[in-house]
Amino acid sequence: MTTPATAPPAAEALCVEALSKRFAGVRALHDVHIDVRAGEVLALMGENGAGKSTLLKILSGDYQPDSGRLVLEGEPVVFRTPAEAHRAGVRIIYQEPEIVPHVSVAENVYIGALPRRRGRLLDRGALHARVQADLERYGFAQVLRPDTLGGRLSAAQRQLVEILRALTGNVRVIAFDEPTSSLSEHEVDALFALIRRLRDDGVAIIYVSHRMKEIFRIADRVAVLRDGRLVGQRAVAETSEDELVRMMVGRDLSAMFRRRHTGAARDRSMLSVRSLTTDDVTDISFDVRAGEVLGLTGLVGAGRSELVRAVVGDLPIRSGRVLVDGEPVRLRSPRDAVRVGIGLAPEERKADALILERTVRDNVSLAVLSRLSRFRIVRRGRERDLVNRYVRQLDVRTPSVEQEVRRLSGGNQQKVVLARWLARRPKVLILDEPTRGIDVGAKAEIYSLIDELAAEGIAVLVISSELPEILGLADRIIVMQHGRITGELTHDDATEERILALAMADQLTSEGVIR
Amino acid sequence: SSGQEATDNPDVGGQKTGPITIAYLQKQGDQQYFVDEAAGATDAAKELGEVKVSVVNLGLDSNKAISELDAAIARGVDGIAIVAPDQQIGPQVIDKAKQAGIPLVASDDSLKDGSGAEAPFVGFDGPSMGQEVGKKAGELYKQAGWTAADTRIIAAWKQDLTVCTDRVNGAKGAFTEAAGGDVPQIIEVGTDNTPTGAQDKAGAVITANQNVKHWVVWGCNDENVTGVVTALQNSGKKPADIIGVGLGAYLSCKDWKAGQQTGNRAALFIDGREVGASAIRALVESIRSGNPLPAKSVAKTTMVDATNWEQAGLACT
Amino acid sequence: MSQTADRIASSPAPDSPTRGLSLRRALDFVGVQNVSLLIALGILVTIIGTQDPVFFQTANIKTIGTAVAISGLLAVAQTVVIVLGALDISVGSQAGLASVVSAMAFTATSGNAALGIAAALALGLCCGLVNGVVIVFGRVNPVIATLATLAAFKGVAQLVSNGRAQGYTGADPVFIFLSRGSIAGIPTLIWVFVLAAAAVHVMLKYTDLGRNIYAIGGNDNAARLSGININRYILGVYAMTGLIAALAGILITARTGSGQPVSGSEGLELEAITAAALGGCALKGGKGAVSGTILAVLLLGVLTNGMTLLGINPFWQNVAKGTLLVVAVVIQQVRSGERRVGLPT
Amino acid sequence: MSQTADRIASSPAPDSPTRGLSLRRALDFVGVQNVSLLIALGILVTIIGTQDPVFFQTANIKTIGTAVAISGLLAVAQTVVIVLGALDISVGSQAGLASVVSAMAFTATSGNAALGIAAALALGLCCGLVNGVVIVFGRVNPVIATLATLAAFKGVAQLVSNGRAQGYTGADPVFIFLSRGSIAGIPTLIWVFVLAAAAVHVMLKYTDLGRNIYAIGGNDNAARLSGININRYILGVYAMTGLIAALAGILITARTGSGQPVSGSEGLELEAITAAALGGCALKGGKGAVSGTILAVLLLGVLTNGMTLLGINPFWQNVAKGTLLVVAVVIQQVRSGERRVGLPT
Ligand SMILES: Nc1ncnc2c1ncn2[C@@H]1O[C@H](COP(=O)(O)OP(=O)(O)OP(=O)(O)O)[C@@H](O)[C@H]1O
Ligand SMILES: Nc1ncnc2c1ncn2[C@@H]1O[C@H](COP(=O)(O)OP(=O)(O)OP(=O)(O)O)[C@@H](O)[C@H]1O
Ligand SMILES: [Mg+2]
Ligand SMILES: [Mg+2]
């Protein structure tokens, strides 16, 4: 379906010239010049709020620039709507997948370009066949079925649909906005195989990510944004992680992150799960002890999210017990969990965590309102102080705490979710993909924050598909596959290889995707 | 204030010269009959001169009736004519008008105050309208020489409207007298007072009584009767086997005007214009002269059919 | 993934890939949503039928069909609007206006039925476009926009007709055919309803237009970003609704033999929405089907007919109607067995 | 109308962030949303006032106040329901049922007003809880659930009253005080409305209860996972709505002097929803405020009163009402200047 662009390689496929964009109170982009050649991968990096997604949204015709212009294969172009950009062969894979819940994966992929028979009659056969072919070609056939309903997909599956959607029809330029933030290593491999294939077809590729490793694996050049300005471009061959970090953050990040918490009082188990079985997971047992960070990892669909949602009483439990601080508890709802001191920062921030139309203040104070109020009247002063404290501590980039959360950049939205739970100060904190879409600087901050929490004696359970993160952060690591725990490793004897071995206890396919 | 103290204005404020404004508060102001009534009122006002009538549609909303009454009083109208959505609000209406010292006539539906004394009334007498209908139906039934055994009567009306219930009961009584002998079984059909509603409800009843040969139909208004008659004819009954006696005549007349064979044999023509006009005349007369309002002026109704509806002055749109 | 498969299979979801094919086909055909409506309908029919066998006579079946035809048309149109994620509360007064205009045009052209009908349809189209324009370009929320036009259209109908029933179509062959005629023994009214419904069903289920409507209702961002011209669809759907409302108005004229400005069309909007919602449309959009709506329309029609047949007092009929609505939906939910948290959709 | 819009547009948008602090404060207080309603109200008042100065007489002002009191109460309750992300279409028939019951209890207790009122309130609470239970535990979508109870409650009201207005409360001091009394020169009706509205406003804006209602309406998943017991809130909100509806019913009894099963409460649901939506509630939940709703209620009240005052033909009134609704919202949107794609919320 990807017809190779006929332009000779090394020709500028797309030039961004003097692009500027303001939002109320924020300068998202300022006089940005960037160009991408056909058949190359340009990595776009920058802190949260640097302007990456805004740039991409302008490329897709979703936002209109205040000034500057786009030149596509030598022709100046203006995209008034996403449709125009789409027709011109410019595709964006958005940071937050947009999925239609009540229609099939197939229709989600070909939305807006559904194959027809005579008249306007839909050709379901062709549709199904095409999608099946796409899935096979890109190696997603095992994780995605054409007839599953959009609403039933996991984070990873949604991301894959978003990617497939962007590949329909004639593609000249394609931009990925943090595509791997909800993928685990093996989808990432498949994705990179896909990107290389596109590149070889002569497609110009823009790749936005906060993950250094990936940049060096896939990109040819790197362009770095800071506060809406282009601070520089480098050939990947001629740069280093440290340089890029310096360019992004404007200062040196003294060695990424070092675990400080000693894991004192390790013997006291704050959260104990005993042979827990639900619709999704089978016979799960583990402890999270006061002052330790337990890592929970596995491949997409291992059932980690469902596991923790069951633990906090949000999904029904078939059998098994949960103990908090030694006390057996019966958690019928997240409310019970919050009451006994368990907080869950869910994986899907838009769907499950954020109230997008409300302000940062409303979102941060949500879990502590009753504590903040006397005679049920919320004490505004205290609320504002509290919120400001955590907004500052997490360095949330927002003009004010009265800004609507939907206007924040992806990473800053994630920080708001974390702030909510820090404000609540639970005994047990469960973080599902906590650094999803968070920039290097902020990541370091969040790691040391988790570290501090542990040092203060809070029991932290971190779900992550990012192995370096797990390896750096966790005292112990448990690995899941197909809803079962396949092994446990201590911080010291854990390595990426060992984790992967456990994560894929059973066989792999050639593309490295689970069967 | 507790709201109880009665500001003792004289019942009717002496003679008044100069321009007069009268509020005409009507229930179901969008029904054809009341539209005619409003037209009659404004025409009468024109010919009297210096009289302005403001018409208000109350729908079926008693609460709105009170609100609009307040509003009328607040803007100091000289007289009020009201068709109450529900006669039970009579006491409130009459008290308010008394306290404000504004002459009030009850139009179409009579109103009593707390002590049961009737307010001046202009219009038709509900039960007697029903009786007219029942009487005519009875006569036609007798002429037709049908027997109670092979005949059924359909009475269709919106059963939570008191005035409707009164009319229908009136019809029942009169029919029994006029028809003499034993009376056919009466099937009561609850409708929403619309032609389509009546048709749909009647449809079920008709199929439930298919072996019935002859049908007599009456109801609260022309909408009901014509609706039921249409349903009967749609189910294959011959117009000759149907005796439909309408109330209002503004829909029945359409068949006659078109010279159609129809089960709408006759209808009681109640002239809304007539009522509207006399209400205004009465009010203005009393306001100008200072004489009290006539206690009861019952407008005349005429039973019309395909032959004589035009003479009766019925304008068929 | 095997986990997923098992889970889905264990839940009664129809799209389970591992279900027995034949059963699955059957379900896909009926739509799981509709099964519960069919059950409710079945129970109801048995109760009424056993009470009074007359219920099953063709004559009565026809009565039910003709009785639901008009509100059914509006319910079908409403289904599309709701799937799009909007609502049209003005359908009733659109029908009223169309009814008056059809009769007046008919009279004005000294008895040309075709012209009368054409005029009404044209007008319906305009009314629908007015709604669409107000919503798309006036940026007025659909509910409030159509609440507004509900009042406005009614006012216009009353103004042009001066509040009086207009004209007389009871002698015209075309209108007589519409109201009393029948083809192959089936009343014309029912034909009109069935054909319109079938057309909309095909549009919604088998054309890309329909699928895009589902996409817009399900996630308008996704739709917009993949290049669907949402505004055009909104205008189109409201125009279609206006057209169907006009058709309903014409049927009202035919049945009553005259153009009714208000009587006969007032309150139809709630009936239509009730049927659509009962038929399984999610009011936040993206979910629903014509088949479900039609079942709901039948359910309500059978109930009304049956209760009148059994001579149940109209006050009880209200209570019964309310109860049935709840019961029917509860059956659906019990079958889908979702968790009892939050607002059901 | 257009030039009105122009006037608004051309006048510098007062909520531009670059404006002076004091003005900002003032605006935060009024709420941007409401500014356009105030503008519309202002224009309307000037037009009517200049046509007929009687409009400004205290007597007339009071009339407006008392006229909107009842529908206003329901609109305020509806606001909370809508912010929660639900809808209550049964408020009208709840009020009707309460009205009948208050009058019958009053008569049964041979004239004990307190008992009559208590009975009605208790009943209202139950009706509300019925709605809540059907929705939360029956898993029935709020719209269809309350469409069902709309019919059911109405039926019950007609049954207990046999469809006739009940009793006579016009001689009882308490009811007279409610309908015609006044405190500090302000009619009791208005007091009841204002106090109820104020209470709800405080609840919604300043208590954690209210804030959680916004959260649930905004994203119920987020609310649930943050430890809010959504079900309890749904039950609570519907119970409160039932209570307020009963209050409205009692006022209807007081004003009409008798218990009205249907007349006086029919159609109130649409009025309430109209006011709430016009007042800026987003029907998908999470957005809205009592202040806006009250402004909308006033706007509609003034319009009705003014048009009757100017003796405008009732048919034109419908058209005017529709137009005003649209214009008022269009002003809002022109000012907010969002881009014109998709369905407005
Ligand atoms: N619709 C909007 N309204 C107001 N401000 C906005 C809007 N969208 C983005 N912004 C602001 O513009 C700046 C750039 O946002 P953008 O989403 O481009 O950041 P980003 O580089 O994608 O960050 P991240 O890595 O967290 O996704 C941020 O400060 C953000 O708050
Ligand atoms: N609502 C749902 N209905 C059906 N299947 C689901 C649903 N949500 C998730 N799944 C599937 O259940 C499995 C577990 O999903 P889940 O996202 O919890 O796995 P995970 O280990 O958290 O992976 P991820 O890294 O994507 O979070 C996945 O195969 C997913 O596709
Ligand atoms: Mg971004
Ligand atoms: Mg997960």
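Chain letters run A, B, ... following the sequence lines, proteins first and then strands; every chain starts at 1. The basis for the numbers below is simple: all heavy atoms, side chains too, and nothing from hydrogens, waters or symmetry mates.
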Study note, to complete from the structure: Counting heavy-atom pairs under 4.5 Å with chain C, the top scorer among D/Ile230, D/Asn229, D/Ile144 is D/Ile144

Point to revise | Steps toward side-chain contact (heavy atoms from CB on, under 4.5 Å) verdict (C/Leu278, D/Leu147) | key: CA-CA 10 Å; C/Leu278 177 59; D/Leu147 271 169; over 6 Å; no

Check your understanding: If every non-hydrogen atom of D/Ala151 is compared with every non-hydrogen atom of C/Gly322, which pair is closest and at what distance?
Key -> CB-N, 4.1 Å

Review point. What closest approach, in Å, do D/Ala148 and C/Val326 show between heavy atoms, and which atom pair accounts for it?
Key: CB-CG2, 3.7 Å

Exercise for review: Can you tell which part of D/Leu150 gets under 4.5 Å to a heavy atom of chain C, answering side chain, backbone, both or neither?
Suggested key: side chain

Check your understanding: So what's closer than 4.5 Å to chain C heavy atoms on D/Ile135: side chain, backbone, both or neither?
Key -> both

Study note, to complete from the structure: Under 4.5 Å to a heavy atom of chain D? For C/Val143 that would be side chain

Check your understanding: Are there residues of residues 155-163 of chain D that reach to under 4.5 Å of chain C by heavy atoms, and which ones?
Key -> D/Gly155, D/Val156, D/Gln158, D/Leu159, D/Asn162, D/Gly163

